[in-house]
There are 2 protein chains.
Amino acid sequence: MREEAPRTVTAICRALEEQIGHGLLAPGSKLPAERKLSELFDTTRITLREALGQLEAQGLIYREERRGWFVSPPRVAYNPLVRSHFHAMVGEQGRVPATDVLSARLQPASADICDVLGLPALSRVIQIRRARRIDGRLVLYVEHYLNPAYFPGILDFDLTRSLTELYASEYGIHYGRVRFDMVPTALQPEAAAALRVAAGSPALRITRINRDQHGRIIDCDLEFWRHDAIHVQVEVPEG
Amino acid sequence: MREEAPRTVTAICRALEEQIGHGLLAPGSKLPAERKLSELFDTTRITLREALGQLEAQGLIYREERRGWFVSPPRVAYNPLVRSHFHAMVGEQGRVPATDVLSARLQPASADICDVLGLPALSRVIQIRRARRIDGRLVLYVEHYLNPAYFPGILDFDLTRSLTELYASEYGIHYGRVRFDMVPTALQPEAAAALRVAAGSPALRITRINRDQHGRIIDCDLEFWRHDAIHVQVEVPEG
DNA sequence: TTCCTCTTTTGGACTAGTCCAGCTCCAGAA
DNA sequence: TTCTGGAGCTGGACTAGTCCAAAAGAGGAA
């Protein structure tokens, strides 16, 4: 009953949306090759790719660099008010978490980091870079910056573990006030490389500034989430 | 000192980023026409548009349907924990808010809405559709769904005002618990039309389920924000 | 079985255009 | 002075390809 002219891109989108919605294409499954699809829909690869790009923006499908297009799995709930950490959060939702440590070292702090952590000029910080997976899929790239004064020797521990737990068990430090800042943006080159996606893919950047039980700023995190991997949930209690 | 091959798209992005970053292109100002730019960078319009698309994904520029590309103004902070409303929030940040009412009526409730508001099957709801601006720019499309039992005659009031204020002053109803759900996605056709942007532009969809001081679910909102218009800020107090 | 190499397939990046519809804006009419 | 019609400009949508590099898979050697 639709009267509107079925422009090709939207027509392709609708067709694929329908297939995915009806479960004919299961989450995680691979779509046919772009050339195949463009043939199937009787159009050019450029047009087809435009349609795929829109579905990617919606979060219905995602791509892996030079590997192909896949149907996005359900999003995981991210609740900033609940004091949790990646492994616990993902596990509680019936999914399988995993962590890769990309690098971990003491290095000169950038001006931004000095500012955020309240360090004097020309300080050093501990930087830990990690990539995290849900059910095997790379979904999160994080850079942690720790004030080295509070965490001597932390680089010698197993950093695939939760830092939250490490802080508690080894240093007696617990999170106090936390400040989140979330902005929808695109993956910057480093993050894109780590997640093995095209630079410029849509993403949600979450910056955390963490204080301990005494109100001291202990570290800050720079998280880049694949935009289709999470939804942020906030339950505000009666004011 | 960069060794990587300067692929055209990223080269264009870098050039424009630099111009914008150094303030040569002021927020709100219009970029030259696509054809002009493609000539300037000595490339095709398709390639040029790909680059513009990436900058759009980053939130640096935005487009107005058939009018051109513009430099994005700074983002406004959105804090779900602070009980505020659009006009107050925008005004406090030194920006100028405005609201257009697109439609307001009593209509049959969809199954989803019945479910969320806890209404019996085949109920009616009050639907209010509004578009909101910051400094003149359309940035937010909202659909409000109110339980009609709590708001008799509300359609006769000036609905460009804040509903929060209307609830308080006319019905003695105040917000209690509120549940937010935010998901990065693309604008659906209705929202895109209202904001006068291409359907499928990146967006942040925020769903709110609002309770009053007695814990009753009084209404729910479906907000579509231009993804480059806000950043979400959450300050979590010591747990 | 394991490892390595070569071939094929696939996505990434780009060129060079066409046709169309909505927006702007200016000139001319009322 | 105000309104309006139309030309020109601008983005939107699409066609029809090419070249390249990385990934996947097949096949053979150790």
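Values below: every heavy atom of this structure, side chains too, minus hydrogens, waters and symmetry copies. All chains are named by letter (A, B, ...) in the order of the sequence lines, taking the proteins before the strands, and each is independently numbered beginning at 1.
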**Q** What about A:Arg49: does its side chain form a donor-acceptor pair under 3.5 Å with the base of C:dG12?
**A**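 Donor-acceptor pair under 3.5 Å: no.
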**Q** Where each residue is assigned the nucleotide of DNA chain D containing its nearest heavy atom, which of A:Arg45 and A:Glu65 is assigned the position nearer the 5′ end?
**A**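 Closest to the 5' end, via its nearest nucleotide, is A:Arg45.
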**Q** How close or far is atom P of D:dT10 from atom CG of B:Leu52, stated in whole angstroms?
**A** 14 Å
**Q** Whole-Å distance between D:dG11 P and B:Glu50 CD?
**A** 17 Å
**Q** Can you tell me the distance, in whole Å, between the CG atom of B:Leu48 and the P atom of C:dA16?
**A** 14 Å
**Q** Is the closest side-chain donor-acceptor distance between B:Asp219 and B:His144 under 3.5 Å?
**A**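 On atom types as modelled, these side chains do not qualify, holding no pair under 3.5 Å.
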**Q** Checking contacts here: which listed nucleotide (D:dC14, D:dG11, D:dG12) is nearest the side-chain heavy atoms of A:Val9?
**A** D:dC14
**Q** Within the modelled atom types, does a donor on one side and an acceptor on the other bring the side chain of A:Arg35 and the base of C:dG11 under 3.5 Å apart?
**A** yes
**Q** Can you tell me how far P of C:dG11 sits from CD of A:Glu56, to the nearest Å?
**A** 14 Å
**Q** For the pair made of CH2 in B:Trp69 and P in C:dC23, what is the distance, rounded to whole Å?
**A** 17 Å
**Q** Among B:Arg161, B:Arg130, B:His87, which one satisfies side chain to side chain donor-acceptor pair (under 3.5 Å) with B:Thr99?
**A** B:His87
**Q** How about B:Lys36: does its NZ atom have over 12 heavy atoms from other parts shown lying under 6.0 Å from it?
**A** no
**Q** Round to a whole Å and report the spacing from CZ of B:Arg67 to P of C:dC23.
**A**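 Checked: the CZ to P distance equals 9 Å.
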**Q** Rounded off to whole Å, could you give me the CD-to-P distance for the A:Glu39 and D:dG17 pair?
**A** 13 Å
**Q** Quiz question: going by heavy-atom distance under 3.5 Å, is there a donor-acceptor pair between the base of C:dA21 and the side chain of B:Arg66?
**A** yes
**Q** Check whether any side-chain nitrogen or oxygen of A:Thr43 sits under 4.0 Å from OP1 or OP2 of D:dC14, and answer yes or no.
**A** no
**Q** When the ring planes of B:Tyr78 and B:Phe180 are compared, do they come out parallel, tilted or perpendicular, using 30° and 60° as the limits?
**A**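 Ring orientation of B:Tyr78 relative to B:Phe180: perpendicular.
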**Q** Checking only heavy atoms, does the side chain of B:Arg196 share a donor-acceptor pair with the base of C:dG22 at less than 3.5 Å?
**A**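 Check fails, no donor-acceptor contact within cut-off.
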**Q** Could you tell me how far apart B:Lys36 (NZ) and D:dG8 (P) are, to the nearest whole angstrom?
**A**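 The distance from NZ of B:Lys36 to P of D:dG8 comes to 15 Å, rounded to the nearest Å.
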**Q** When you measure from the centre of the six-membered ring of B:Phe70, is the NZ or CZ of B:Arg137 closer than 6.0 Å and no more than 45° off the axis?
**A**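 Judged by the rule (NZ or CZ under 6.0 Å from the ring centre, within 45° of its axis), B:Arg137 is not positioned above B:Phe70.
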**Q** Which is more 5' along DNA chain C, the nucleotide nearest A:Glu64 or the one nearest A:Ile46? Just name the residue.
**A** A:Glu64
**Q** State which of C:dG12, D:dG11, D:dT15 makes the closest approach to the side chain of A:Glu34.
**A**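 Of the candidates, C:dG12 comes closest.
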**Q** Could you pick out which residue, B:Leu31 or A:Thr44, lies toward the 5' side of DNA chain D when each is mapped onto its nearest nucleotide?
**A**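 Result: B:Leu31.
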